[in-house]
Q: 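The structure under discussion is supplied below as structure tokens; questions concerning it will follow.
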Amino acid sequence: MPELPEVEVTRLSFADRIANAHISDVRVGKPLRWPLGVMPTSLIGRKVLGVRRRGKYLLMDLNQGLLLWHLGMSGSLSFSSDGAIANMSPKPHDHFDLQTTHGLLRLNDPRRFGAVVYADSEASASAQKLLGHLGVEPLAGQFDLDTFHKNLKQRSAAIKQVLLAGDIVVGVGNIYASEALFLARIRPTVRANRISRLRAEKLRLAVIDVLAHAVAKGGSTLRDFSNAEGQSGYFQLEANVYDRAGLPCRQCGHLIKRLVQGQRATYFCPVCQKP
DNA sequence: CACGGATCCTGATGGC
DNA sequence: TGCCATCAGGATCCGT
């Protein structure tokens with residue numbers, strides 16, 4: 001479900017409200033992608049210091065250790081400060097509850113590709129196994145052209161798949177990869193190491209632009225996205241190419257094409273986007 | 001070490 | 001209406 005913008009919007013919707021809360025209970029539902037890595041009851045009494053984001057992970061700092069949250073393909077978080085949701089019994093796909101003195105943080109994830117993982121510190125092996133290989137943050141001023149272009153030159157895979165891999169720059173998922181490549185006018189099948197410095201700069205700016213814009217719009221192109229306050233689902237950002245196979249390009253009118261790369265759908269305009 | 005494919009799981013959708 | 005195949009926002013593991 002979530003790419004970087006959805007994760008960030010989710011974070012913004014509850015981080016302030018949960019800060020300084022104390023964990024009063026933990027409920028674990030069906031197994032998620034990875035085990036929690038600690039006895040759930042051992043978290044009771046700890047204090048939530050804040051919530052950061054790294055790529056598509058949310059990092060919840062506790063006064064001792066931290067929790068890493070990932071929403072996978074179909075996950076979403078809800079947080080209720082009042083008692084309304086706090087008293088609601090879990091629905092079938094509610095697989096993790098963090099009850100705090102400020103409210104209930106609940107993970108709903110039908111496909112269970114998401115996870116909540118405890119780590120003693122961000123530098124610990126369990127955290128680094130998940131975070132250690134991640135690329136730079138695109139919206140934190142660390143995403144510079146020299147490094148980006150140098151990294152692209154070392155990769156022979158298609159640029160779409162290199163973006164998705166997340167080890168050069170994080171947060172670009174399947175929707176925004178197609179959208180960014182459209183904005184940069186680059187064909188998704190172009191090998192990364194064949195991209196000129198000039199085109200790498202266009203792509204860098206396109207990635208920043210599409211992600212920042214989606215965060216600012218408070219949501220995304222996702223049909224069923226809702227933040228942790230339950231505000232949902234407006235399709236605010238109009239996709240240029242994603243899920244538009246057979247429809248006319250908004251720029252030139254030619255028909256958008258769909259192809260499959262690494263078992264993932266890719267959409268592009270064969271006229272606007274050059275090999 | 002980078003690449004391509006298989007894999008985890010459930011629900012929605014479309015064709016017949 | 002039922003059944004089956006296909007597809008879906010992610011990321012890891014494995015063989016090459």
Side-chain angles (χ1 to χ4, degrees), chain A residues 1-10 29-35 37 53-58 68-77 90-96 107-117 125-135 150-181 188-194 207 210-211 214-215 217 219-227 232-237 239 241-246 258-267:
Chain A
M1 164 182 193
E3 300 183 31
L4 181 150
E6 293 73 40
V7 175
E8 178 65 6
V9 169
T10 296
K30 291 173 87 173
L32 294 164
R33 176 162 193 177
W34 299 298
R53 182 187 54 73
R54 178 75 177 96
K56 299 170 191 170
Y57 288 91
L58 291 178
L68 289 80
W69 301 68
H70 198 287
L71 303 181
M73 285 273 245
S74 58
S76 62
L77 292 177
K91 293 176 178 163
H93 300 302
D94 292 336
H95 295 307
F96 194 93
L107 172 66
N108 180 279
D109 186 2
R111 292 175 75 178
R112 291 189 282 125
F113 290 169
V116 184
V117 174
S126 54
Q128 284 302 302
K129 183 179 177 184
L130 302 180
L131 306 176
H133 62 95
L134 296 183
K150 184 188 71 187
N151 285 336
L152 291 185
K153 281 200 208 168
Q154 299 177 261
R155 307 288 284 269
S156 62
I159 182 60
K160 157 84 177 332
Q161 295 186 254
V162 170
L163 284 178
L164 274 187
D167 50 359
I168 293 179
V169 57
V170 294
V172 183
N174 204 40
I175 295 179
Y176 296 117
S178 282
E179 294 299 311
L181 287 165
T189 48
V190 176
R191 290 171 179 270
N193 57 10
R194 306 270 301 271
V207 166
V210 73
L211 295 179
V215 172
K217 286 288 186 177
S220 78
T221 56
L222 301 190
R223 304 184 159 78
D224 58 357
F225 171 69
S226 66
N227 65 26
S232 69
Y234 29 99
F235 235 104
Q236 284 169 325
L237 283 191
V241 290
Y242 184 81
D243 204 23
R244 299 196 69 241
R258 176 190 192 272
L259 56 86
V260 174
Q261 295 176 287
Q263 291 100 252
R264 313 295 300 280
T266 301
Y267 301 85

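Reckoned from all heavy atoms, side chains included, excluding hydrogens, waters and symmetry mates. Note on naming: letters A, B, ... go to the chains in the order of the sequence lines (proteins, then strands), and numbering restarts at 1 for each one.
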Q: Give the nucleotide from the list C/dT12, B/dT10, C/dA8 with an atom nearest to the side chain of A/Trp34.
A: C/dT12
Q: Check the phosphate of C/dG10 against A/His70, side-chain N and O only, distance under 4.0 Å to OP1 or OP2. Yes or no?
A: no
Q: Does A/Lys129 place a side-chain N or O at less than 4.0 Å from the phosphate oxygens OP1/OP2 of C/dA11?
A: no
Q: Tell me: CD of A/Gln263 to P of C/dG10, nearest whole Å?
A: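 Answer to the nearest Å: 14 Å.
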Q: Taking only the side-chain heavy atoms of A/His133 (C-beta and beyond), determine which of C/dG10, C/dA8, C/dT12 contains the nearest atom.
A: C/dT12
Q: Are A/Val260 and A/Thr266 close enough that some pair of their side-chain heavy atoms sits under 4.5 Å apart?
A: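 No, side chains not in contact.
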Q: Is there a side-chain contact between A/Arg258 and the phosphate of C/dA8, meaning an N or O under 4.0 Å from OP1 or OP2?
A: yes
Q: Does C/dA8 have OP1 or OP2 under 4.0 Å away from a side-chain N or O of A/Arg264?
A: no
Q: For the pair A/Gln261 (side chain) and A/Gln161 (backbone), establish whether a donor and an acceptor sit closer than 3.5 Å, ignoring hydrogens and angles.
A: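 Not a single qualifying donor-acceptor pair exists.
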Q: Examine B/dC9: is either OP1 or OP2 under 4.0 Å from a nitrogen or oxygen in the side chain of A/His93? Give yes or no.
A: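 No.
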Q: Checking base pairs now: Watson-Crick or wobble, both atom distances under 3.5 Å. What partners B/dG15?
A: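 C/dC3 is the nucleotide pairing with B/dG15.
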Q: DNA chain B: A/Ala158 or A/Arg33, which has the more 5' nearest nucleotide?
A: A/Ala158
Q: Nearest to the side chain of A/Arg112, which nucleotide is it out of B/dC3, B/dT10, C/dT12?
A: B/dT10
Q: Compute whether any side-chain donor of one residue and acceptor of the other, for A/Asn193 and A/Ser156, lie under 3.5 angstrom apart.
A: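 Their side chains do not contain a donor-acceptor pair, so the 3.5 Å distance test is not met.
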Q: Would you mind telling me which of C/dA8, B/dG11, C/dC13 lies closest to the side-chain atoms of A/Tyr242?
A: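 Closest of the options to the side chain of A/Tyr242: C/dA8.
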Q: Of all the choices, B/dG4, C/dC13, C/dG10, which nucleotide is nearest to the side chain of A/Phe113 once you look at every atom?
A: C/dG10
